Asks: 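Once you've had a glance at the structure underneath, I'll fire off some questions.
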Protein chains: 2
Amino acid sequence: MSLDGQLPPKMRLLRAAAELLANSGGAAVSTRQITQLAGVTAPTLYHHFGDKEGLFDAVVAAGFEEYVAGERDFAPSGQPLEDIRRMWDNHVQFGLNQPELYLVMFGNIRPESRPAIVADAEALMEEMLNKAAAAGQLNVQPREAARSILAANVGVTLMLIAEPASERNLELSTMTRDAMIFAVSAEPASGTAPGDTGKSSVVVAAIALNAALQASHSDQLSSSELKLFLEWLHRISTSPA
Amino acid sequence: MSLDGQLPPKMRLLRAAAELLANSGGAAVSTRQITQLAGVTAPTLYHHFGDKEGLFDAVVAAGFEEYVAGERDFAPSGQPLEDIRRMWDNHVQFGLNQPELYLVMFGNIRPESRPAIVADAEALMEEMLNKAAAAGQLNVQPREAARSILAANVGVTLMLIAEPASERNLELSTMTRDAMIFAVSAEPASGTAPGDTGKSSVVVAAIALNAALQASHSDQLSSSELKLFLEWLHRISTSPA
DNA sequence: TAGCACCTATAGCATTGCTATATGAACTGA
DNA sequence: TCAGTTCATATAGCAATGCTATAGGTGCTA
């Protein structure tokens, strides 16, 4: 139960802290647990890191190095926006793989350390977005785009972490990701005119669906299913209500 | 320095905890500080709330009531998507006004309590999106849209909280907000442009009908018919583009 | 060998969340 | 009116926490 490996105590403390943090399930981790697992006594910890927070900052810094490495460690595809997608997915995956560490990095807020990390993550993404801008693919400043995308990226990751692993639906991530990337990209994005506020009755909706179905040859339903479906639809769309 | 006001101790504890939490600047708040400010001794706290966490949960619950009240307390404009914008702005403002409370609610994660709150916030937004869907203004399921928008909303708010108040640029919020809303909204008539990134009109119509049906208790179909009908409707409205 | 900087251990302090127990107050039924 | 019961608060103290004052090795240089 001790992390001896002839490693220097400083390293053992770092690893012990990281391991306990990762397995704590959100609960607090005591210095006594850490020092015991590291096979070291208390003053050693305070000699090397000054503080419990100092130790945790070191753990976070190490985690951030790993994060940055993950964000850089793929061959650029030549399509900057495609690379942004991969950065997004990497970010989410990092959060899901190391939720506790991620929470300390992006979920917690201590007015000094967090902005530094966030700023670095922003810079990382901005760097990539600069290429997109150079290729004329952005319709906003790269910095603003990076901030916006990263904010959404963090929000999605936090939400995915918060829900039980069995219910996690990564479509939330891809959908939000593509929405953000589309929003900053220079495609011919027409205005968002709300348009006519169509009536909201069941009848109107049913009629619309009916018409759309007739015209589209959807193959989601078998022919017998479709027949019955249309009959019901007709019943609904001719209802007196 | 005491919160006496002839209020019952339970209330004084709640207010003391809320006040200390709001002014702690992220630092830990001890039960002794709370009980002293409330003019009460320790066992009183544990009698009423069982736990330090129990007390904080109560504070969060009260904060959430306030949040929900803020989200409901404006006249519906008749344009659901415009109301969604206001919900977003309310959310951000709540976070900036009470950052510490907000962090406990949305930034922290304790696998039990947080998902409940997030789920409630989701439901709140989904409720509004149902109206948009019923009006044929959505191209995704209201639930998915709500999750996606809320995730981005939280991410933006956290990022704004993290940076010094002087540098806060709310344009990050409006830009991300409009990007998300645009992404989930159906292409406004103006030419129908079927091919583009928008989903087919069948899907839009099916989603609208689904939302309208849920809200209207139509009795044109028997319950068993309705069940099967909804199942098919779901199949259609989640079909790949 | 002596001196020196570095690293670690022994032991203990103040504060933390929490509780076993007891005391008071308010209500209930006779 | 009064004993019994329940609710609410206080006294005092426990175990665990973060942290530290002090002292003891350990290896290097001279």
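Keep in mind the model is a prediction, meaning the values are calculated, not measured. So that the names make sense, note that chain A is the first sequence line, chain B the second, and so on, each numbered from 1.
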Asks: I need the CG-P distance between B:D51 and C:dT16, as an integer number of Å.
Replies: 17 Å
Asks: Look at the side-chain N and O atoms of B:Y46 and state whether any lies under 4.0 Å from the OP1 or OP2 oxygen of C:dT19.
Replies: no
Asks: Between atom OG of A:S148 and atom CZ of B:R177, what is the distance when rounded to the nearest 0.5 Å?
Replies: 11.5 Å
Asks: To the side chain of A:P43, which of C:dC18, D:dC19, C:dA9 is closest?
Replies: C:dA9
Asks: Starting from P on C:dT16, measure out to CD on B:E53 and report it in whole angstrom.
Replies: 19 Å
Asks: Over how many whole Å does the gap from A:Q33 atom CD to D:dA16 atom C1' extend?
Replies: 11 Å
Asks: Under 3.5 Å, which donor-acceptor pairs do the side chains of residues 93-105 of chain B form with other protein atoms, sequence neighbours left out?
Replies:
residue, atom, partner, partner atom, Å
B:N97, ND2, B:Q93, O, 3.3
B:Q98, NE2, B:E66, OE1, 3.4
B:Q98, NE2, B:E66, OE2, 3.0
B:E100, OE1, B:G26, N, 3.3
B:Y102, OH, B:H91, NE2, 2.7

Asks: Between A:R32 and A:T44, which residue's closest nucleotide on DNA chain C lies nearer the 5′ terminus?
Replies: A:T44
Asks: Using a cut-off of 4.0 Å on non-hydrogen atoms, how would the nucleic acid contact of B:T41 be classed: base, sugar-phosphate, or nothing?
Replies: base
Asks: State plainly whether the residues B:R12 and B:E19 are in salt-bridge range, i.e. N to O under 4.0 Å.
Replies: no
Asks: Within this structure, what is the CG-to-P distance between A:L13 and D:dC19, rounded to whole angstrom?
Replies: 13 Å
Asks: Where is the tightest heavy-atom contact between B:S173 and B:D89, given as atom of each residue plus distance?
Replies: OG-OD1, 4.4 Å
Asks: Starting from the 5' end of DNA chain D, give me the residue, B:K10 or A:L45, whose nearest nucleotide shows up first.
Replies: B:K10
Asks: Salt bridge between A:D83 and A:R86, side-chain N to carboxylate O under 4.0 Å?
Replies: yes
Asks: Would you mind telling me which residue lines up with the more 5' stretch of DNA chain C, A:A42 or A:H47, judged by nearest nucleotide?
Replies: A:H47
Asks: Nearest-Å distance, NZ (A:K52) to P (D:dG18)?
Replies: 4 Å
Asks: Return the value, rounded to whole Å, for the distance between atom CD of B:Q36 and atom P of C:dG17.
Replies: 13 Å
Asks: Check the distance between C:dT8's P and A:M11's CE and give it to me in whole angstrom.
Replies: 13 Å
Asks: Nearest to the side chain of A:H48, heavy atoms from C-beta on, is which of C:dT8, D:dT17, C:dC18?
Replies: C:dT8
Asks: In whole angstroms, how far is the P atom of D:dC19 from the CD1 atom of A:I34?
Replies: 10 Å
